[in-house]
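The structure appears below as structure tokens.
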Amino acid sequence: MSTLFEPDAPTPIIVHDAPGGSGGGSNRGAGHAGPSSRLTDGLNPPQREAVEYRGPALLIVAGAGSGKTRVLTHRIAGLIETREAWPSQILAITFTNKAAAEMRERVSALLGQASEGMWISTFHSACVRILRRESEKAGLTSTFTIYDSADSRTVLKRIIKALDADTLGFTPGNAGAQISKLKNELTDVDAYARSANMSDPKQAVFLEIFRQYTRTLRSAGALDFDDLIGETVYLFRAFPETAALYRRRFRHILVDEYQDTNHAQYSLIRELTRPVSRELVVEMENKGVLVRGLEDETGIIPGASLTVVGDSDQSIYAFRGADIRNITEFERDFPGARVVLLEQNYRSTQNILSAANSVISNNFDRKAKNLFTTVGDGDKITGYTGYSGHDEAQFVADEIEALHRKGMAYRDIAVFYRTNAQTRALEEIFVRSALPYRVVGGTKFYERAEIKDAMAYLIAVANPLDELAIRRILNTPKRGIGPATETQLAQFAETNGLSFRAAMREAGSLGLGPKVTNAILQLAAVLDQAAAMLVPVQADDAAPTPSDDPNAEPDARGGVGAAKVSEVLTFLMTESGLLEALRRSRDPQDETRAENVEELVAQTKDFEKENPGSGLVDFLTQVSLVAAADDLDDSSGTVSLMTLHTAKGLEYDAVFLTGIEEDLLPHKMSANEPGGPAEERRLFYVGITRARQRLYLSLAMTRSQFGDTSVAMPSRYLQEIPADLIDWRQSPGMANSRGGTQPRALNARRDGRGPGQYGYSSDPTLPPAPRPKTEWPNAIGAQVRDNGDLELAAGDRIRHTNFGEGRVSQVTGEGTKRVAHVQFDTAGAKKLLIKIAPIEKL
DNA sequence: CCTATGAGGGTTTTT
DNA sequence: CCCTCATAGG
């Protein structure tokens, strides 16, 4: 009985006879020896304190590269080694699944044994685990589906259309963003209804959208990303005795990247760290839950010990509801909390750190923190200004090749950018240069239409309530079931109080044509057969509903004798005719699509191998929760391309920060938002601090977007780096804006601090003084350049200020966007925007 | 019900 | 530029 309420059954939870303890479960103040020196050797004093400190709350302010992962893993290992905690009493929250896996591995390595029962996962994974276990209390199926943003979008699109809400300016995008924001604040429909001003038609309609969205997801047995957190909080608040079980279990909670937590996540942590009241302790004891040794002298179980790690300078997820105050006000939230500051950086050279420090110091309203290192200055930062995004990409490719020739492995090099759209130019050039690269994140495998289709089949089997999944596959492959039939089915279901799925089985009584009726019945049969495959063979009389026993695994989660995910998927793909349709298709792209589906089957087999005992729902969960950074394979010998956001937490020997331009960094969408430019600066800071040895900053004078090209200005943040740290191969300083007479740097200046010049201020707190243009090593010339009327044709010889002489091979584009393709005698092939290139005809 | 065609619109970042 | 959506014709 003692394990009945134990959230993770196989793990022993008998704390009171832990060796090394003198009676108190947590050993707090019991004079324990502390972690062995093996776990603290080689740490600097603050790191050591962060590992050894014991108390209710600890905030580790960890600057970039200050060894926080090391501190966290050693802290966890120390807790276990000294027997202050069983592995099962530890809950560690990381930002990505990859970080979680790495942390688990490192803790196990430190302890020399696998650490069974430890929960190391992301917020979302942990919540899914809790919600599936407590699904009944939360009013959910244990096989609930997790909707990604695309799914939410589809639902919202339907609702907005039905309500004609687009006339009021609602789009799936903005409505979804608003709903997400509310959920992150733990505001549900009812709470919103109470606060909304119903005489405002916009708010009234939004309320209706919100209400219908919530209802749709409910009836589909689905949760969106935000619900995963919010529903867990609601569950704990509504069922104190359930919350008590988790509060009793997790005695040490550690949260990484705390600066990026939102209000819902903060509330979840608060719920988990509350003490368990006397009454509930008694109640648990009566039910056979082991609590002895956990209570204090007053009979309550004190709140768990909380450790958070973060750096407010790296807070870059405000758009997702992250509230920087969670970390800045930690000491107020948790009175008596100890704060440890880690400032020594073990990653980067001093030049890179100086640049980072100097940039971030422009954010007012922050606690002073200065990263330092003892490894020396290192190389200067390399700067480059291309004429176009392609030119910039070519520079990146050339430099990577140079680094590679000097012995740097491709896998130690990364290229970052602000928006995903920027990958295009980079990829084109990389392919042409035969550089091995991979784009991390971006359009992922699981976002491809055919994969979403295949997944929808699996979801329809796992969660028959999920109408969205069923509707997606209803006519995929083409079966002649069109929108009209779909509506009829939905109506039939509605009037007869059936689920959509049940209505399909009754298709015979709808009076549809024989061909359509047959198609529907056949699909329903295929899904039913697949569902039957998942029922464990020996449990012939078991009802397919989840039982009361939290340890019982529902059928779709893979009972003994149940079919494997790969078998079910293969069955579905064959019997539904999807694979056949793709193979038979004339469209050459369908061939790759069929291969992708086969790749998915292969992935399910991998999953089975790596997660024995897991079932269909586990597979679906894992797929839903993979983050961009998760599929980063360290062993691949390729250059990594990713956004600045996904770069967080990673580090590389050489880093290229591209597109350091106004409107891109800071992005134009954030320029007007309060706190926008400061957050963009932190993003730049995060990018800079990823580099160990070499840092490159690049930008372009023109950038094409949506097909047309416009002039780009250097980012205001570039001026915040002391000039002597950057070695400009091609400086941005002298190129002129369209017809302008001022240096570009002036145009970039928006804070009223007066004219600045590139690379000038070595002390960012002082107003910049003018500096002669001639100091630019690569100055192009001060004259206003406008070659708008320069006529060029293939075969012409030209001279370029930097590239020397060359021959025009081709001229493309029109008007101000004419581009000359030039084969230079020494500098190779380049594309130049004729209007602004520093060229003359010979 | 399916397919081809053209117009229109859109992107910041992501669990 | 690329993707989605609406429309018309098969």
Next on the checklist: Can you list everything that forms a ring pair (Phe, Tyr, Trp, His ring centres under 6.0 Å) with Phe500(A)? Sequence neighbours excluded, please.
Outcome noted: none
Item to check | Nearest-nucleotide 5' precedence on DNA chain B, Ser149(A) against Met669(A) | outcome: Met669(A)
Next on the checklist: Would Phe319(A) count as stacking on dT13(B) if stacking means ring centres less than 5.5 angstrom apart and planes tilted under 30 degrees?
Outcome noted: yes
Item to check | Residue list, salt bridge (charged side-chain N to carboxylate O under 4.0 Å, His left out) with Glu486(A), at least two apart or on another chain | outcome: Arg471(A)
Checklist outcome for this item: Thr216(A) meets the side-chain hydrogen bond (donor to acceptor under 3.5 Å, both in side chains) criterion, sequence neighbours left out, with none
Checklist entry - Rounding to a whole Å, what distance do you find between Leu228(A):CG and dT14(B):P? => result 19 Å
Checklist entry - Partners of Phe492(A) by ring pair (Phe, Tyr, Trp, His ring centres under 6.0 Å), sequence neighbours excluded? => result none
Checklist entry - Does Phe236(A) have its ring centroid less than 6.0 Å away from the ring centroid of Tyr234(A)? => result no
Checklist entry - Does Gln522(A) use its side chain to pair, donor to acceptor, with the backbone of Ala519(A) at less than 3.5 Å? => result no
Checklist outcome for this item: Separation of dT12(B) atom C1' from Phe706(A) atom CZ, nearest Å, is 11 Å
Checklist entry - What is the nucleic acid contact for Phe123(A), judged by heavy atoms within less than 4.0 Å: base, sugar-phosphate only, or nothing? => result nothing
Checklist outcome for this item: note: Ile316(A), atom CD1; dT15(B), atom P; distance rounded to Å ~ 11 Å
Checklist entry - Taking only residues two or more places apart in sequence or in another chain, which ones pass salt bridge (charged side-chain N to carboxylate O under 4.0 Å, His left out) with Arg325(A)? => result Asp323(A)
Next on the checklist: Say we look at dT4(C) and dT13(B): how far apart would their C1' atoms be, to the nearest angstrom?
Outcome noted: 23 Å
Checklist entry - Which ones in residues 257-270 of chain A lie close to DNA chain B, meaning a heavy atom under 4.0 Å from one of its atoms? => result none
Which pairs, protein N/O on one side and nucleotides 1-6 of chain B N/O on the other, fall under 3.5 Å?
residue, atom, partner, partner atom, Å
dC1(B), OP1, Gly482(A), N, 2.9
dC1(B), OP1, Thr485(A), OG1, 2.7
dC2(B), OP1, Asn475(A), ND2, 3.3
dC2(B), OP1, Gly480(A), N, 3.3
dC2(B), OP2, Asn475(A), ND2, 3.4

Checklist entry - Should the pair Phe416(A) and Tyr652(A) be assigned to parallel (<30°), tilted (30 to 60°) or perpendicular (>60°) ring geometry? => result perpendicular
Item to check | Gln705(A) CD to dG9(B) P, straight-line distance once rounded to whole Å | outcome: 17 Å
Next on the checklist: Rounding to an integer number of Å, can you tell me how far Leu625(A) CG sits from dT14(B) C1'?
Outcome noted: 13 Å
Listed pairs under 3.5 Å, donor-acceptor, residues 224-233 of chain A side chains, sequence neighbours left out:
residue, atom, partner, partner atom, Å
Asp224(A), OD1, Asp226(A), N, 3.1
Asp224(A), OD1, Asp227(A), N, 2.8
Asp224(A), OD2, Lys183(A), NZ, 2.7
Asp224(A), OD2, Tyr213(A), OH, 2.9
Asp226(A), OD2, Ser180(A), OG, 2.8
Asp227(A), OD1, Lys183(A), NZ, 2.9
Asp227(A), OD2, Lys183(A), NZ, 3.2
Asp227(A), OD2, Asp224(A), N, 3.0
Glu231(A), OE1, Arg218(A), NH2, 3.3
Thr232(A), OG1, Leu228(A), O, 2.6

Checklist entry - If the sugar-phosphate is the primed atoms plus P, OP1 and OP2 and the base is the rest, what is the B/S/- string for nucleotides 2-10 of chain C, using protein heavy atoms under 4.0 Å? => result S--S-----
Item to check | Separation of atom CG in Leu665(A) from atom C1' in dT11(B), rounded to whole Å | outcome: 16 Å
Next on the checklist: Measuring to OP1 and OP2 of dT14(B), would you say a side-chain N or O of Asn420(A) lies under 4.0 angstrom away?
Outcome noted: yes
Checklist entry - Between the base of dT12(B) and the side chain of His667(A), is there any donor-acceptor pair under 3.5 Å? => result no
Checklist outcome for this item: Sorted by chain and number, sequence neighbours left out, ring pair (Phe, Tyr, Trp, His ring centres under 6.0 Å) with Phe430(A) holds for Tyr437(A)
Checklist outcome for this item: In whole angstroms, the gap separating P of dT13(B) from CG of Leu650(A) amounts to 18 Å
Next on the checklist: Can you tell me if Ser624(A) touches the phosphate of dT15(B), counting only side-chain N or O atoms and a distance under 4.0 Å to OP1 or OP2?
Outcome noted: no
Checklist entry - Who passes salt bridge (charged side-chain N to carboxylate O under 4.0 Å, His left out) against Asp260(A), sequence neighbours left out? => result Lys648(A)
Next on the checklist: In this structure, how many angstroms lie between the P atom of dT15(B) and the NZ atom of Lys98(A), rounded?
Outcome noted: 14 Å
Item to check | Of the listed nucleotides dT11(B), dT12(B), dT14(B), the one nearest the side chain of Tyr317(A) | outcome: dT14(B)
Item to check | For Arg418(A), all residues meeting salt bridge (charged side-chain N to carboxylate O under 4.0 Å, His left out), sequence neighbours excluded | outcome: Glu680(A)
